[in-house]
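Predicted, not measured: the structure shown is a model, and the values here were computed from it. Scope of the values below: all heavy atoms of this structure, side chains included, with no hydrogens, waters or symmetry mates. Counting convention: from 1, in listed order, for ligands and their atoms alike.
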Amino acid sequence: QSAVSLTDVSKTYYRGEPVYALDGVSLEIPRGSYTAIMGPSGTGKSTLMNLVGCLDTPTSGRVSIDGRDAGGLSDRERTRLRGSEIGFVFQTFNLMPRLTALENVRLPQLFQDVPRGERTDRARTLLERVGLADRTEHFPNELSGGQRQRVALARALVNDPAIVLADEPSGNLDTETEAEVLDLFSEFHEAGTTLVVVTHERHVAERADRIVHLLDGAIERIERLDASDSTD
Ligand code: ADP
Ligand code: ADP
């Protein structure tokens, strides 16, 4: 079964002239798969991620998560689904400026049934895994861009979501930190997490098992890097 399934999905933005951001896209994202999305700027990558993450609804077509039609859910149900199932590593999802790194990472667990003591332990473990064990009490404005990005990554992973969506996750990172973040993704992938990563970098995309190339709001081609499991 697919973790996420898009069927003939289109998205049009109306501001003056309509912008056809996505046009008839169908895509299966198998459970446990690792998909990279590439394509020139303005081809619909962010729009696609927003739809896959149920942050936005399509103009036409169908998005289902774990076989459930996302269009049939109420806003409240969609929000709940996002919170429990999906981890976002998006530039636009900023850290809370008045909370420490540790508090930021603890935050998503408040909406889940995680016991208090366990929340702190888990947040600490994730911060260690992204190499920030010595920065837990720092506030976002006391951290570098790359460190903030790693806090955001820890926050996205803290609820152990079934699906992780990342938009340019290694954009501001130096080579060494980037490798650490990508290794962490690979670890989650091996543990069964479904990953979808938007990137401009070929070497980042090559960590995935396939690359979906978008062009002008449509899938130009799907490049398989690992023939072992994906079928669609
Ligand atoms: P990419 O992530 O590949 O750069 P986007 O999905 O951000 O592409 O954008 C696809 C097209 O849709 C672009 O022409 C962009 O200007 C337009 N677009 C994206 N979001 C909006 C929006 N909220 N309102 C109007 N136009 C938008
Ligand atoms: P990216 O680096 O993903 O291409 P963009 O600068 O295209 O980022 O878009 C960043 C965000 O701004 C997107 O999530 C999109 O929803 C929004 N956006 C993009 N183009 C427009 C637009 N023409 N009008 C309004 N919002 C837009």
Side-chain angles (χ1 to χ4, degrees), residues 2-29 33-65 69-71 73 75 78-79 81-82 85-95 145-146 148-150 152-153 155-156 161 163-173 178 181-182 185 194-225 230 232:
S2 292
V4 182
S5 168
L6 306 184
T7 312
D8 202 17
V9 162
S10 297
K11 180 73 186 181
T12 308
Y13 295 106
Y14 294 98
R15 335 182 109 206
E17 289 297 297
V19 176
Y20 302 99
L22 287 180
D23 184 16
V25 169
S26 294
L27 180 66
E28 298 294 325
I29 301 174
S33 61
Y34 191 165
T35 303
I37 313 269
M38 296 191 83
S41 194
T43 51
K45 301 183 298 297
S46 301
T47 300
L48 181 70
M49 293 295 262
N50 289 342
L51 293 174
V52 167
C54 292
L55 292 168
D56 202 355
T57 50
T59 309
S60 65
R62 202 165 74 115
V63 178
S64 13
I65 310 287
D69 185 353
L73 302 176
D75 284 351
R78 241 196 313 275
T79 304
L81 178 76
R82 273 205 304 271
E85 294 283 309
I86 305 175
F88 295 93
V89 190
F90 285 11
Q91 314 281 0
T92 45
F93 278 50
N94 292 317
L95 301 174
R148 267 180 252 165
Q149 202 147 349
R150 283 185 280 159
L153 180 64
R155 185 182 58 179
I163 305 169
V164 171
L165 305 178
D167 199 345
E168 296 288 355
S170 57
N172 312 319
L173 305 180
E178 177 184 71
V181 166
L182 295 179
F185 277 12
T194 306
L195 289 167
V196 185
V197 176
V198 168
T199 181
H200 284 103
E201 308 273 358
R202 179 80 203 174
H203 72 275
V204 173
E206 280 176 350
R207 293 282 193 123
D209 30 66
R210 59 175 186 167
I211 305 176
V212 174
H213 294 272
L214 280 188
L215 191 60
D216 295 336
I219 294 175
E220 183 195 23
R221 72 195 166 95
I222 296 181
E223 178 186 354
R224 278 174 205 297
L225 301 169
S230 348
D232 58 323

Is there a donor-acceptor contact under 3.5 Å from the side chain of Arg78 to the main chain of Cys54?
no

May I ask you to check if ligand 1 and Val19 share an N or O to N or O distance below 3.5 Å?
no

In terms of atom number and element, which parts of ligand 1 are under 4.0 angstrom from non-hydrogen atoms of Arg15?
24 (N), 25 (C)

State whether the shortest distance between N or O atoms of Gly44 and N or O atoms of ligand 1 falls below 3.5 angstrom.
yes

Does any N or O in the side chain of Ser33 come within less than 3.5 Å of the main-chain N or O of Thr35, such that one atom is a donor and the other an acceptor?
no

By number and element, which atoms of ligand 1 are closer than 4.0 Å to a non-hydrogen atom of Ser41?
4 (O)

For Thr43, which part has a heavy atom under 4.0 Å from ligand 1: side chain, backbone, both, or neither?
both

Can you name the atoms of ligand 1, numbered from 1 with element, that are less than 4.0 Å from a heavy atom of Ser46?
1 (P), 2 (O), 6 (O), 7 (O)

Distance-only, no hydrogens or angles: does the Arg150 side chain make a donor-acceptor pair with backbone N or O of Val181 under 3.5 Å?
no

Looking at Glu28 and Arg210, does any basic side-chain N land under 4.0 Å from a carboxylate oxygen?
no

Only heavy atoms count here, so choose which of Met49, Lys45, His200, Met38 is nearest to atom 3 (O) of ligand 1.
Lys45

Once side chain to side chain donor-acceptor pair (under 3.5 Å) is applied, do any residues pair with Glu178, and if so which ones, sequence neighbours excluded?
Ser170, His203

Please check this pair: side chain of Lys11 against backbone of Ser60, looking for a donor-acceptor N/O pair closer than 3.5 Å.
no

Identify, by atom number and element, the atoms of ligand 1 in contact range of Ala21, meaning under 4.0 Å from any of its heavy atoms.
10 (C), 11 (C), 12 (O)

Sub-4.0 Å heavy-atom contact, Gly39 with ligand 1:
no

Would you check if the side chain of Asp209 reaches a backbone N or O of Tyr34 as a donor-acceptor pair within less than 3.5 Å?
yes

